[in-house]
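Report on the structure given below.
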Amino acid sequence: MRELSYSEAALEAIAEEMRRDPRIFYMSTDPILPLLQEFGEQRIKATPITEAALTGIGIGAAGSGFRPIVDWRQVTFCFVAMDQIVNQAAKIHYMFGGQVSFPLLFRATVGGGGRVAAQHSQSPYSMFMNVAGLKMFLPSTPYDVKGLLKTAIRDNNPVISFESSRLLRLKGPVPEEDYTIPFGEALVRREGRDATIVALAWLVHEALAAADELDKEGISVEVVDPRSLVPLDAERIRASVQKTGRLLIADEAGPTAGFSAEVAALVSEDRATFARLKAPPKRVCALQVPIPYSPVLENHVFPDRNRIAAGVRELLKA
Amino acid sequence: MRELSYSEAALEAIAEEMRRDPRIFYMSTDPILPLLQEFGEQRIKATPITEAALTGIGIGAAGSGFRPIVDWRQVTFCFVAMDQIVNQAAKIHYMFGGQVSFPLLFRATVGGGGRVAAQHSQSPYSMFMNVAGLKMFLPSTPYDVKGLLKTAIRDNNPVISFESSRLLRLKGPVPEEDYTIPFGEALVRREGRDATIVALAWLVHEALAAADELDKEGISVEVVDPRSLVPLDAERIRASVQKTGRLLIADEAGPTAGFSAEVAALVSEDRATFARLKAPPKRVCALQVPIPYSPVLENHVFPDRNRIAAGVRELLKA
Amino acid sequence: MPLSLNLSPDKQREMLRQMLTIRRFEERASADYLAGKIYGVVHCYIGEEAVAVGVCSALEKSDRIISTHRGHGHSIAKGADLKRMMAELYGRRTGYCKGKGGSMHIADFGIGMLGANGIVAGGIAIVTGAGLAAQMEGKGGVAVAFFGDGASNAGPFHECLNIAASWKLPMLYVCENNLYAAQTAAAATHALSDIASRAAAYGIPGLVVDGNDIVAVYQAASRAVDRARSGAGPSLIECKTYRWRAHTERRNQPDPREKEEIEAWKKRDPILALERRLKEEGGLDEGERSTMEREVLAALEEAVAFAERSPFPLPEEAGEDVFSA
Amino acid sequence: MPLSLNLSPDKQREMLRQMLTIRRFEERASADYLAGKIYGVVHCYIGEEAVAVGVCSALEKSDRIISTHRGHGHSIAKGADLKRMMAELYGRRTGYCKGKGGSMHIADFGIGMLGANGIVAGGIAIVTGAGLAAQMEGKGGVAVAFFGDGASNAGPFHECLNIAASWKLPMLYVCENNLYAAQTAAAATHALSDIASRAAAYGIPGLVVDGNDIVAVYQAASRAVDRARSGAGPSLIECKTYRWRAHTERRNQPDPREKEEIEAWKKRDPILALERRLKEEGGLDEGERSTMEREVLAALEEAVAFAERSPFPLPEEAGEDVFSA
Ligand SMILES: Cc1ncc(C[n+]2csc(CCOP(=O)(O)OP(=O)(O)O)c2C)c(N)n1
Ligand SMILES: Cc1ncc(C[n+]2csc(CCOP(=O)(O)OP(=O)(O)O)c2C)c(N)n1
Ligand SMILES: [Mg+2]
Ligand SMILES: [Mg+2]
């Protein structure tokens, strides 16, 4: 099968959907050139640096029959738009009693590794998970980013596409035919018996590498990739843990009140899963600090295959 | 001992500290009259409706030797200031290598029950817990709100005082003498043997009422009030659960990636505590929905003493 | 006033009826709020009726508007159904938002009313999106942002006026300058007292209008609407007006305003002013006026009765409408 | 130019030296970035040196400024230590931020440099807080916000100018209008091309200055500083200027700007302009100029050597400085 990079696959999803549906238009500070060339300035809008206004404009255009895509670019920049996200986009369908729908895609890159320090290396998806009324996903492969973006664009709700900075250049097979990936379906990326790793985005790949390593030690690890964060496929995660009896969650974000806490809670609060837990669930996350600049420091903050492998070994010692 | 309401106690903390330290000043849209009368317009500033600017101005004044208090009023209004909170206040000390400190208090009321619908009934403290670099607390009594506010005002970091709307008129004993309450010290509000309830703010009182009810059924419940959210007293919570073997977390916020998930994770990931868990930890939270207006709907969304009691009974059946 | 010629006596009587409807609706809402039948918080528009009605009279049904926390007036002026409004205030399932919204969140997208909004300045960008939609639709539609003097100090005001001016969006930005933002006097928080003077920063028209003179409001809005429909871009219209009541209907709500100031503004009642003008011009006699009052009150009673006999939502309905199908 | 008299040849030579230092520092930073010794992202100020140096020459050390993502120029102009700057870029423990900040976050509170800031418009409110602090201190201090044309479209610009005007804060708002925000031309996103025209909305002075003429910048800033110190409130100064290099130093960074436009602006080099003027007025000869060049390069070499021999932080230091004691 043809190979595309993660960012090429994302772009292809958007271009294909825009060809299909003239109600879709795209807003961002600094437009994406190939999109601009194909669709022109009317549908690919270069905007002032006003993510708050853009987000609100997207909401209003969505409520008026369009299907806007608002590209915040780095997730950092969406904090100026937080009122429009939390107080408006997430609640507007509900508080108006479901009168009309607000089909709206937000895009944001997340993650560290770029040596761009605290403001530009954030992974704050958990903050958005805490807000009722937003769907969101975080793909780990070119195939997934394309399929999930298409689902998002066809969804009638505000959806956030978190895209991993570390994976933008990652290549992988992407079919030419149209396909979508439903929200709320986790994928078992590798089957195993002894422990389950639930990992996100870049850490899916690190987890798979750790699993290879552990395999040599006779430890068989299952790797589950949730893909969408809201809705989150608690069932598949629990089923895996029921099988292996052990859970490690790997997240590039800090642990506190994060995705990793949610998965630990979902698993341990479930009676059937709890009954089969052979060890306490383990979070292997970034340190709970702002992300520092210097490579030595930044490398120390993030989890990686070694910390994941070490975590699994610990689980097995329990 | 003299009794004050929760909001009177808060005001007294601020007034006493402002008398003690002339570097403290206060900013809010609509100033608080007693403060204005005592301290005048220079130190109690009526501001335009620009929470983003106020937050930033607070940061700059803090970095210039003052100790500002920025009152966002309802937590809802601080989302327009989220860039200043997440990208600036939380990171500025760290990303500048600790050059200077930023003593800064933010105040925000949280919680529902007022029939003021989705935008005005939020409890989003968990979103802030996820951000490294912010301290925060959520008191349940007049005594605590005063002591914690004083600690916050003397702290050299950005601290958020979340104050419970439902408790503003609650009366309780408050000593006349100066006292402070350290961050990171949970309080056992009631001792018990069979289950631990970790509850926040208003739900501390509901948990105590549930405990009374359960007592009649011969069930002995321990109620732990964390008081500060960051830092969070994991040790005391774990110690309680190690004793009782059962954990219920009661939170007025929705569960997803929230405070309740964090406590469930902190408890279950700890080897010693995990070993003593007799039942899966249980979250009794608001529904994961925006808060609706109509009393029938709003009442249905929030947990209360009955749901807490029912949850404990379930834990004991496990 | 050449444009006043556009205003037939019929149209003026309709405007009067709408202003009267807003006033009576809110008098009732306030009473029912204090009686515990309406919950949460209610912000009254009484005294400012000429702004909403004057502007909306210059619009088509297909044009879109957005409102603020003080939203009843805009809803009624855009043609909202009193029954569904009152049912919403009463927290009933038949209300505009099925009881999920209340006073601060009444919307009717079917008539181009994109909602009241509890966040100061929170609607300005949203309705600017409706203006962009109108421009992209290419059918000559217009969108109107209503907002207060307080909101004009907030970031979205600036961001959106710049965008609308730069993209030539078919927009009206209507600032209801009632001199106060909650308890704070505009004089204390505005560098300049005329908000309209901010228009020059974006190279768009900025008009100051007597917001208690409905004909003046209508004329200014009509010109701005023409301009917007012709593709010439947005306008900022500042309507000087005043709210008669406290910021909200809560009992013992503080109100720092001088009694004399309030009384002086009450003398400039926008409803009485139009009534007088109409009578002078022979467009209204005492009998017609009483009939109008009776009809307005009858419609209101019907709305209240509808609300009262409507069921509350079922508790479980709180779980619905988080996401659209 | 009466005020030019204020500018002694010594002071002008000092200004020249600072501009030259900025330029050489960034030429080196860019090369070292491409060589992999500096990480992340580097935004160069080359071509705009007269703005930072012109404004900061009108300030006292105790006055406070804030910068943007393009922060080296402001840091050097306010008197930052080249060694600690370069060590920070090199990610070393001896850097201004102990290696935690990098190019986008250099700060030196000791000299009133409140930091570069990675968020467009993110610093405007913070330094307005420094202006409020100066007002409350009552010692005649002044605070300066540097920001780009792109930032002037964002909410904080409006919120803070209104507050500063209304509170009469001792502030300078200095817009560096280099005609582009990243890849987007200001012409595409600004309703009006002169950002200074926004000052009128707040009743404060708004000046357009040739940002490549350091004497003009200095004079405008000096007047605004006098005004601020006297309690008359803030000013907005728009400096028309241009960046010579792409938005960032990344390889193959797109740059939509016409070659001719770039070349035309390079002919208006602010450093050459001051050099020429000084030479004409007899304030600088060729020998002094070479000495200056040598000294600047020597200081830079020293800074690089310092950075190179400084240790990296220990990994565990990532856990420090989250909270202050
Ligand atoms: C962002 C935000 N901050 C504060 C509030 C609280 N608040 C509600 S109405 C109001 C005053 C609004 O004044 P103005 O815009 O002039 O409208 P008016 O009430 O006068 O119609 C305030 C401060 C809010 N709703 N949103
Ligand atoms: C809120 C926000 N949105 C987007 C960005 C990405 N970004 C970094 S610099 C820049 C352009 C800034 O333009 P301008 O303010 O004119 O400053 P200049 O780079 O020209 O000096 C953009 C869009 C950002 N840093 N912050
Ligand atoms: Mg007002
Ligand atoms: Mg620029």
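Letters A, B, ... are given to chains in the order of the sequence lines, protein chains preceding strands, and every chain is numbered from 1.
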Using every non-hydrogen atom in the two residues, find where [X] and [Y] come nearest and quote the distance to one decimal.
X        : Y        : answer
C/Gly319 : B/Val289 : CA-CG1, 4.3 Å
B/Pro290 : C/Val322 : CD-CG2, 4.1 Å
B/Gln119 : C/Gly118 : OE1-N, 2.7 Å
B/Leu297 : C/Ala318 : CD2-N, 3.4 Å

Next item on the list: Hey, could you give me the CG/NE2 distance between B/Asp30 and C/His247, rounded to the nearest 0.5 Å?
Entry: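 If I round to the nearest 0.5 Å, the distance is 7.5 Å.
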Between [options], the one whose heavy-atom pairs under 4.5 Å with chain B are most numerous:
options                                : value
C/Lys100, C/Glu88, C/Glu316            : C/Lys100
C/Pro315, C/Gly40, C/Ala185, C/Gly91   : C/Pro315
C/Tyr39, C/Tyr90, C/Phe312             : C/Tyr39
C/Ala188, C/Pro156, C/Gly150, C/Gly101 : C/Gly101

When the 4.5 angstrom heavy-atom criterion is applied to C/Asp321 and chain B, the contacting part is neither
Under 4.5 Å to a heavy atom of chain B? For C/Val41 that would be both
TODO: Applying side-chain contact (heavy atoms from CB on, under 4.5 Å), run through B/Thr76 and C/Ile119 and close with a yes or a no.
DONE: CA-CA 8 Å; B/Thr76 291; C/Ile119 308 299; 3.2 Å; yes
Identify which of [options] forms the greatest number of heavy-atom pairs closer than 4.5 Å to chain C.
options                              : result
B/Leu33, B/Thr50, B/Ile49            : B/Ile49
B/Pro295, B/Pro31, B/Ala46, B/Ser121 : B/Pro295
B/Thr29, B/Asn299, B/Val116          : B/Val116

Please check if the side chain of B/Tyr293 supplies one atom and the backbone of C/Lys98 the other of a donor-acceptor pair under 3.5 Å. no
Worksheet entry | Side-chain donor or acceptor of C/Thr189 paired with backbone N/O of B/Pro48 under 3.5 Å |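 Checked: no pair found.
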Does any part of the side chain of C/Glu317, heavy atoms only, come nearer than 4.5 Å to the side chain of B/Val296, both counted from C-beta? no
Checklist line | Side-chain heavy atoms of B/His120 within contact of C/Met104, under 4.5 Å | finding: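 Yes, at least one pair of side-chain atoms sits under 4.5 Å.
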